[in-house]
2 protein chains.
Amino acid sequence: MAEKKSSKRARRPLTEIRQDNIDQILKAAERQFAETGFPGTTVAAIADAAGLPKPNVLYYFKSKEGLYRAVLKRILELWMEAMHDLSPDQHPREALRDYIVRKIRQSRDYPDASKIFAAEILHGAPYVREELEGPLKVQFDDTVEVIRAWIAKGWMDPVSPEHLLFTLWAATQSYADFGLQMRVLLERDELRDDDFDNGIELLTRLVLKGCGVKIV
Amino acid sequence: MAEKKSSKRARRPLTEIRQDNIDQILKAAERQFAETGFPGTTVAAIADAAGLPKPNVLYYFKSKEGLYRAVLKRILELWMEAMHDLSPDQHPREALRDYIVRKIRQSRDYPDASKIFAAEILHGAPYVREELEGPLKVQFDDTVEVIRAWIAKGWMDPVSPEHLLFTLWAATQSYADFGLQMRVLLERDELRDDDFDNGIELLTRLVLKGCGVKIV
DNA sequence: CCACCTTTTGACCACCTGGTCAAAAGGTGG
DNA sequence: CCACCTTTTGACCAGGTGGTCAAAAGGTGG
């Protein structure tokens, strides 16, 4: 407890103060937006959660929308990253399992990011339409091709690559987006690591066995 | 074009007027809430969409929240209905396939209902917590038992019934909730019937083959 | 046709929201 | 220590929101 992390007394250089405040605000904003959505979140609530007065938040981010866009940008990078690493040379046995593990871990570690993204799509993607049509589409097409290649090599059954991806996304992201429902139905206060592991196991089984990928 | 559907001139009995207006309002509200969420939807917008002045909407539903609750109630009934009809005597081969078909059809036919429900869960289920913990939990437990019975009879592999249901829900509902994303990635203006059919086919395959349910 | 109930509607309001501003406080570099 | 820049903050505001109200219009039953 050498020093308070809050802004009380602590002679800090401006650059550090700035970075620190921006981080605090982004963090608080991400949680608030995830909890109550964009229109349901008030700048005052974000400011409170970040421990700053409201005008201070508007000082760093010129508008609520600007702040939301900044949050979204962060999230999208994270999101795109997880789709990487499906290469046609890899065998689907490992590639798909790893992909499922990665995506479910993401749901466990960044549930707010997933929720904000889900709400965004749900409500017509008013702020991420471009990214959907641009970078994400490219990633998607590439990944579809990888799966096609696997099928061509006889490594898996000829299933629709597009819908396989949709199902993978839906199933893995639901561990974040519908985590509340799962908690209620499983009678848990919080999802546990073995809940996520069970999800991984089931989904891996469905996909590998269901697509006729040889396990050994 | 015998008569305008709007309220212009048409000597209609009060009871009919009442039912008609309530229906219009609920319909308009469902669409608006699905599009922009509860906080993002304005009573004025609902009134406009229903072709009525704002105070008229508040005349039938005492508050925005009351209207939202009414919309939710409708949706929940629809939602619970689809979980029915999994009986332990039925063979999972038909039962699961039918279930998938039913749920994806629901996503196709009532996307707004699915979206509202999804947003509700996403944001902490402030208005449906009770239903989750009550009726839905009961349904869930029953369904889990049915799947357990199938496993006990050796009709399918011993997989986690809970997570199987989570995956089924996620995958089927995503055809409504993430329909926009699918449309963008598939380069469609609207999802077509064969898109839904492909989803049904893939998911059925994953589940039946993946869970070791004998196809014949 | 008339007293009575339901529905419609324009005007209105208290409140909250995002955003502004200017002055004060704090940090910086010479 | 001082001129200068960045950050903080209380006071403030215009616009939009959910909701009210009272009066008018429309339907109903005898």
Side-chain angles (χ1 to χ4, degrees), chain A residues 3-26 28-30 32-33 35-72 123 126-127, chain B residues 3-26 28-30 32-33 35-72 123 126-127:
Chain A
E3 46 189 31
K4 280 295 209 186
K5 60 195 165 204
S6 108
S7 64
K8 278 305 167 214
R9 286 298 84 105
R11 258 314 160 92
R12 279 140 25 106
L14 279 182
T15 55
E16 189 186 318
I17 291 182
R18 188 175 187 83
Q19 195 52 53
D20 226 59
N21 282 341
I22 288 182
D23 285 348
Q24 285 295 326
I25 294 170
L26 282 174
E30 188 171 317
Q32 292 295 319
F33 285 137
E35 261 176 39
T36 49
F38 178 66
T41 296
T42 145
V43 177
I46 296 173
D48 276 359
L52 297 169
K54 187 179 68 164
N56 208 340
V57 171
L58 275 313
Y59 168 73
Y60 285 106
F61 298 88
K62 291 178 186 164
S63 69
K64 181 184 169 185
E65 183 181 325
L67 176 48
Y68 182 66
R69 292 199 123 98
V71 170
L72 270 182
H123 297 138
Y127 298 101
Chain B
E3 48 190 28
K4 280 295 208 183
K5 61 193 162 204
S6 112
S7 62
K8 277 306 166 215
R9 283 299 85 103
R11 253 323 153 91
R12 279 139 26 105
L14 279 183
T15 56
E16 187 185 322
I17 290 181
R18 186 171 191 84
Q19 196 53 52
D20 226 57
N21 282 342
I22 288 181
D23 286 348
Q24 286 294 325
I25 293 170
L26 283 174
E30 188 171 317
Q32 292 294 321
F33 285 136
E35 261 177 40
T36 49
F38 178 66
T41 296
T42 143
V43 177
I46 296 173
D48 277 0
L52 297 169
K54 187 180 69 164
N56 208 340
V57 171
L58 275 313
Y59 168 73
Y60 285 105
F61 298 87
K62 292 175 187 169
S63 68
K64 181 185 169 185
E65 184 182 325
L67 176 49
Y68 183 64
R69 292 200 122 97
V71 169
L72 271 181
H123 296 138
Y127 297 102

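Side chains included, hydrogens not; waters and symmetry mates left out as well; all remaining heavy atoms used. Naming: A, B, ... by sequence-line order, numbering from 1 per chain. Computed from a prediction, not measured in an experiment: that's the story for all the values here.
When rounded to the nearest whole Å, the span between CD1 of Ile17(B) and C1' of dA25(D) equals 11 Å. The separation between Asp20(A) atom CG and dT8(D) atom C1' is 15 Å, rounded to whole Å. At whole-Å resolution of the value, OH in Tyr59(B) and C1' in dC21(D) are 14 Å apart. The distance between atom CD of Glu65(B) and atom P of dG19(D), rounded to the nearest whole Å, is 8 Å. Ile22(B) places its CD1 atom 13 Å from the C1' atom of dT6(C), with the value rounded to the nearest Å. Distance, Leu52(B) CG to dT9(C) P: 8 Å, rounded to whole Å. Atom pair Leu58(A):CG and dG19(C):P shows a separation of 6 Å (rounding to whole Å applied).
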* Carefully, step by step, assess Tyr127(A) and Phe38(A) under the rule ring pair (Phe, Tyr, Trp, His ring centres under 6.0 Å). => CA-CA 11 Å; Tyr127(A) 298 101; Phe38(A) 178 66; 5.6 Å; yes
Which atoms of nucleotides 10-14 of chain D (N or O only) lie under 3.5 Å from a protein N or O atom, and what are those distances?
none

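Shown here for Pro53(A) and Ala47(A), the closest heavy-atom pair between the two residues is C-CB, 4.0 Å. Nearest heavy atom pair, residue Ser63(B) against residue Gly66(B), reads OG-N, 3.0 Å. For Gln32(A) against Ala49(A), the heavy-atom pair with the smallest separation is NE2-CB, 4.0 Å.
Distances shorter than 4.0 Å separate none of the side-chain N or O atoms of Asn56(A) from OP1 or OP2 on dT7(D). In this structure, Tyr60(B) reaches the dT8(C) phosphate: one of its side-chain N or O atoms is under 4.0 Å from OP1 or OP2. Within the 4.0 Å cut-off from OP1 or OP2 of dT7(D), at least one side-chain nitrogen or oxygen of Arg18(A) is found.
Proximity of Asn21(A) to Tyr59(A): side-chain heavy atoms (C-beta onward) are nowhere separated by under 4.5 Å. At least one side-chain heavy atom of Tyr60(A) sits less than 4.5 Å from a side-chain heavy atom of Arg18(A).
For Lys64(A), taking side-chain heavy atoms from C-beta onward, the closest of the listed nucleotides dT7(D), dT8(D), dG19(C) is dG19(C). When distances are taken from the side chain of Asn21(B) to each of dT7(D), dG19(D), dT7(C), the shortest belongs to dT7(C).
Counting only N and O atoms by type, the side chains of Asp20(B) and Gln24(B) include no donor and acceptor under 3.5 Å apart.
For DNA chain D, none of the residues of residues 37-50 of chain A falls under the heavy-atom distance limit of 4.0 Å.
Lys64(B) places a side-chain N or O within 3.5 Å of a backbone atom of Thr41(B) that can act as its donor or acceptor partner.
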* **Dot-bracket notation for DNA chain C, counting Watson-Crick and G-U pairs under 3.5 Å, with | for partners on another strand** => ||||||||||||||||||||||||||||||
